[in-house]
**Student:** 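Dropping the structure in here first, questions after.
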Amino acid sequence: MKIAFYDTKPYDKIWFEPEANKKGFDITFIEGKLNENTAVLAKDHEAVCIFVNDDASKTVISKLKEYGVKAILLRCAGFNNVDLKQANKDEIVVMRVPSYSPSSVAEYTMGLILAINRHIHRAYVRTRDFNFSINGLMGFDLNSKVAGVIGTGKIGQEMIRILKGFNMKIYAFDPFPIPIEEVEYVDLDTLLNKADIITLHCPLTKDTKHIIDKHTISKMKEGVLLVNTSRGALVDTQALLEGLSSKKLGGVGLDVYEEEDDFFFEDMSNTNISDDDLVRLTSYRNVIITSHQAFFTKEAMSAIAKDTLDNAEAFFMGGDLKNLIK
Ligand code: NAD
């Protein structure tokens, strides 16, 4: 079976090649992202394998159908970049890796919280320049403070486990609450109103797009820390910039960004960045932006490669399609 593998980076090959060899799959590694112009490269392949910033919108899916593609293998959990309606219509199966390592994302999120709160990124730069002053680097104790967790699925639950280790009080918001010890489910307004740190772990859907906007930010505590390691468009960038400029937000950690598709995962250090909002965000000293790397651990990559190709095997060899999305 031939798989066209889009948006390939060197680390993808390291993890996917041995798994593909084991199963006898033939992978064509393509550097470019999937979009209307690159869909043609999937010709003569039974499946495409795509990542978070590939474009599997209506027109792209129709083209894939025309080129004989029967399956879209997402090597990630989120599937907001796939037009499922069109895929169903064109009888293209879509599968994902729903859970590869929730700890990878939750542990990274905690890293961002600690770094923004205690200004570790600034201290690192200062001491490299032999500036040993600690002026302006004061944070606050997390012990006994309130953490607001939006979305208590696999990653949210792992996040809660970690936050409890810091003795934080946990408020959670999720339309589908589940019993979790020492966690109080509250409505979104209460969470926004009470939390000292807010962390987003819900998927991007039409209901959650801009769940953080100027109205929700206005309900937050002065100086709150906001972290988004979920999907960029959960946060309205303009509202975020206003919240930073008015000092309502004490610090922001972003591993995802609304317009990340054009920049993340690429070395743009020799380019003038055309996105003024991104440039403005990076200029705030109390903002840390990283390039969608929360998932990036050995354990996660190994599980992603195995589960993605298990999905392919199940579809093409007639097994259990447990990771099918409809
Ligand atoms: P999950 O499906 O296990 O959990 C998502 C939770 O969000 C569910 O409990 C769901 O009920 C809840 N939810 C749905 N709508 C909501 C709303 N309006 N408000 C609050 N909660 C809502 O997913 P997961 O594995 O925990 O992953 C969560 C998200 O993390 C993914 O959708 C993906 O976008 C993101 N993610 C990011 C990275 C990264 O590297 N940065 C890696 C993996 C996943």
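Start at 1 and go down the list; that is how both ligands and their atoms are numbered. Bear in mind the structure is a predicted one, so any value in this text is a computation, not a measurement. When reading the values below, keep in mind they use all heavy atoms of this one structure, side chains included, and skip hydrogens, waters and symmetry mates. We count residues from 1, following the sequence as given.
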**Student:** Quick check, are the ring centers of Phe316 and Phe25 under 6.0 angstrom apart?
**Tutor:** no
**Student:** Less than 4.0 Å between a side-chain N and a carboxylate O, is that true for Asp310 and Lys306?
**Tutor:** yes
**Student:** Mind checking what makes salt bridge (charged side-chain N to carboxylate O under 4.0 Å, His left out) contact with Glu107, not counting sequence neighbours?
**Tutor:** none
**Student:** Would you please name every residue forming a ring-ring contact (aromatic ring centres under 6.0 Å, His included) with Tyr67, sequence neighbours left out?
**Tutor:** none
**Student:** With ILVMFWY side chains joined below 4.5 Å, transitively, what does Phe130's cluster contain besides itself?
**Tutor:** Phe132
**Student:** Where does ligand 1 get N/O contacts under 3.5 Å from the protein, atom by atom?
**Tutor:**
residue, atom, partner, partner atom, Å
ligand 1, 3 (O), Lys154, N, 2.9
ligand 1, 3 (O), Lys154, NZ, 2.8
ligand 1, 9 (O), Gly153, N, 3.4
ligand 1, 9 (O), Asp174, OD2, 2.7
ligand 1, 11 (O), Asp174, OD1, 2.7
ligand 1, 11 (O), Asp174, OD2, 3.4
ligand 1, 26 (O), Lys154, N, 3.3
ligand 1, 26 (O), Ile155, N, 2.8
ligand 1, 30 (O), Ser230, OG, 3.2
ligand 1, 34 (O), Ser230, O, 3.4
ligand 1, 34 (O), Arg231, NH1, 3.3
ligand 1, 40 (O), Phe295, N, 3.1
ligand 1, 41 (N), Thr229, O, 2.9
ligand 1, 41 (N), Asp255, OD2, 3.1

**Student:** Do the charged groups of Glu258 and Arg231 touch, with an N to O distance under 4.0 Å?
**Tutor:** no
